[in-house]
Amino acid sequence: MSDTADAQEDAQGTLANLMRENRRYDPPKDMAANANVTADAYDEAAADRLAFWEKQAQRLDWDTPWETALEWESPYSKWFVGGKLNASVNCVDRHVAAGNGEKIAYHWVGEPDGDTRDITYAELKDMVCQAANAFTELGVQKGDRIAIYMPMIPETVVTMLACARLGAPHTVVFGGFSADALKSRTLDCDAHVVVTADGGYRRGAASALKPAVDEAVTGTDVRTVLVVRRTGQDVEWTDGRDVWWHDVVDRQSTDHTAEAHDAEHPLYVMYTSGTTAKPKGILHTTGGYLTQVAYTHWAVFDLKADTDIFWTAADIGWVTGHSYIVYGPLANGATSVLYEGTPDTPHKGRWWDIVEKYKVTILYTAPTTIRTFMKWGEAVPEGHDLSSLRLIGSVGEPINPEAYIWYRHFIGGDRCPVVDTWWQTETGGMMISPLPGVTAGKPGAAMKPLPGISCEVVDEAGNAVPDGGGGYLVLTEPWPGMLRGIWGDDERFRETYWSRYPGVYFAGDGAKKDEDGDLWLLGRVDDVMNVSGHRISTTEVESALVSHQKVAEAAVVGATDPTTGQGIVAFVIPRGDGEGTSGEEFAQELRNHVAKEIGPIAKPRQILVVAELPKTRSGKIMRRLLRDVAENRQLGDVTTLQDSSVMDLISAKLPSAAREE
Ligand code: WTA
């Protein structure tokens, strides 16, 4: 595509728009005919955005109705001001009261084969009430913060809901994080109670959690550690501080009268990493957050609560788990799958066993997992009956068009729409996504802001780019699930999100509008490459590489280059057995492929074939570390890496890397 360089010249200071994608998938006819949401929703929300959200808030039960939909003093918002509700009652009690107590809330699947448990809404209500009573006995009061460091077991959901019930904001720390990470988060939000387990099952073995808690709470104000017995492994015990769940929770009454909390009462703090080492405690409150996750879960997944079996295959330790394993599905009275373990235990078809057994109808996961399945090859899902699926979704990173097509074909049987949902820990719920009964999907595009959401793609100066242009994503109107701040750090809140473009929220992501005005997310702005003065997104080059039939996954970075400013260095993981993917010939084939797909400007200078990529524990590629390798620098902070040995393997590859002269 030789005209891309010229086109780029016109759009000073913004991102290049290099990829063209012509495939389109109309919504299935029966889905469109029966869809929860039709195209009218966009018009309705555009005509009166606040009235639209007030209507969505009626999905919840309110003890006291709100007086004002929104009070907005940038950058602080208050939604449904004056309203009072209890999130736990909305997620559990009201479904029981409505006669749905026997309905299954979770099909829980432990990692060890056959270790399963079905939990009804009535059972969940009893468990939540018992936990709330136990917390009260342990001295927990409204407003206290509670840290949760647990495996994916029912007690984790129960703990979150018991916290919400009491108005004690929870902070869930992913169970794969270190003692240090747990400690810094516990200290930052000043939690005095930690809920954990002896361990959980990961990759076929019991993996301890309690030792990390013991280390983390030393020297803090934590006075109680409540421990679920999950694996039965030995644990150290500190009398007076440590309490077994089965000793204190199981003997409690299953009755608990919940207090209604203010709509703006803090629901949780979720830590997310920023550009500095100190994680940001993203604060979410009750009424607006619950409204947005309930609405988006119902609208984007076209949820039919009576018949769907919904599965978000993510960890509860991430915002995706908070919003779409716990609060959204439960607020809607859905039946969900909750799976403890990894996708390849005891074998690479574990997920497809689960889909087949429970007849999962909606599956929501991340591109990193989809690309891993591509790497493992289609023979794995092909041996399973996945015909129960009717809708599949993606979140967490841009989904490369080829990964989308693979997902749609091999998992979705070419009948399931793919919803590519863009959002962030900070947004609380989905923001940009197709609507499955309305949108003709484009592989790789998140398409349009959802009804009631307003965004724009702007250039350096903050002007909206025209269709066909690239720039930075901003959110231009407040939304109900938006973060209410960074815990204890107002200045960082203003600085990070509200200073670059005054009055609007800067998401930190690059994006483009295609010729139809549809949105494509292009990765974090920190990752943008500058090649001969052209600002090129990592996402587009990676997607071009993944569209080659022998590539499962790719990561590209810009490395200092004496002639072009930066040169593109690509790290690729081959599909299947990797035959024919070593040597200069393959590298040349890939370079030519990128040139053909998006233009010579984006041709990688160097291509390295690797077995793994460095990823955060939530599966996002850490390009920062690859830049260090590509520039022969000492590696920066590797503490958030999922597997630190990956970097040694990658660094060892460098001297022999194929290099274009
Ligand atoms: C990225 C996860 C492209 C993006 C819910 C965002 C995406 C960051 C998408 C937030 C998507 C998430 N397409 N990029 N569909 N979804 N991202 O806080 O860079 O873990 O800013 O929240 O993930 O990640 P977080």
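Each ligand, and each atom within it, is numbered from 1 in the order the structure gives.
- Taking the six-membered ring for Trp and the full ring otherwise, Tyr76 and Phe493 have centroids separated by under 6.0 Å.
- If you number the atoms of ligand 1 from 1 as listed, the ones under 4.0 Å from a heavy atom of Thr320 come out as 5 (C).
- Of all protein heavy atoms, the one closest to atom 3 (C) of ligand 1 is Pro398 N, 3.0 Å.
- Only backbone heavy atoms of Thr421 (N, CA, C or O) come within less than 4.0 Å of ligand 1; its side chain stays farther off.
- With sequence neighbours left out, Arg524 forms a side-chain contact (heavy atoms from CB on, under 4.5 Å) with Gln424, Asp509, Asp527.
- A salt bridge links Glu402 to Arg23: one of the charged nitrogens lies within less than 4.0 Å of a carboxylate oxygen.
- Considering only non-hydrogen protein atoms, atom 8 (C) of ligand 1 sits nearest to Lys620 NZ, 4.0 Å.
- Ranking the protein heavy atoms by distance from atom 16 (N) of ligand 1 puts Gly396 N, 3.0 Å first.
- With a 4.0 Å cut-off on non-hydrogen atoms, Leu521 touches ligand 1 through its side chain and not its backbone.
- Not a single heavy atom of Trp318 sits under 4.0 Å from any atom of ligand 1.
- For atom 10 (C) of ligand 1, the nearest protein heavy atom (residue, atom name, distance) is Trp423 O, 3.6 Å.
- Residue contacts with ligand 1 do not include Ser618, since none of its heavy atoms lies under 4.0 Å from the ligand.
- A salt bridge is absent between Asp526 and Arg627: the closest approach of a Lys/Arg side-chain nitrogen to an acidic carboxylate oxygen does not fall below 4.0 angstrom.
- Separation of the Tyr505 and Trp498 ring centroids falls under the 6.0 Å cut-off.
- No option in Gln292, Arg49, Met430 other than Gln292 meets the side-chain contact (heavy atoms from CB on, under 4.5 Å) test with Ile453.
- The six-membered or imidazole ring of Phe373 lies away from that of Phe410, with a centre-to-centre distance of 6.0 Å or more.
- A salt bridge is defined here as a Lys NZ or Arg NE, NH1 or NH2 lying under 4.0 Å from an Asp or Glu carboxylate O, and Arg617 with Asp315 fails to meet this definition.
- Contact annotation: for Val319 versus ligand 1, heavy atoms closer than 4.0 Å belong to the side chain alone.
- A salt bridge is absent between Glu397 and Lys615; no separation between the charged side-chain nitrogens and carboxylate oxygens falls under 4.0 Å.
- At the top of the distance list for atom 4 (C) of ligand 1, counting protein heavy atoms only, stands Asp509 OD2, 2.9 Å.
- In terms of polar-atom proximity, Thr425 is counted as a contact of ligand 1, with an N or O under 3.5 Å from an N or O of the ligand.
- Residue contacts with ligand 1 for Glu397 involve N, CA, C or O but no side-chain atom from C-beta outward (heavy atoms, distance under 4.0 Å).
- The N/O atoms of Asp420, backbone and side chain alike, include one that comes under 3.5 Å of an N/O atom in ligand 1.
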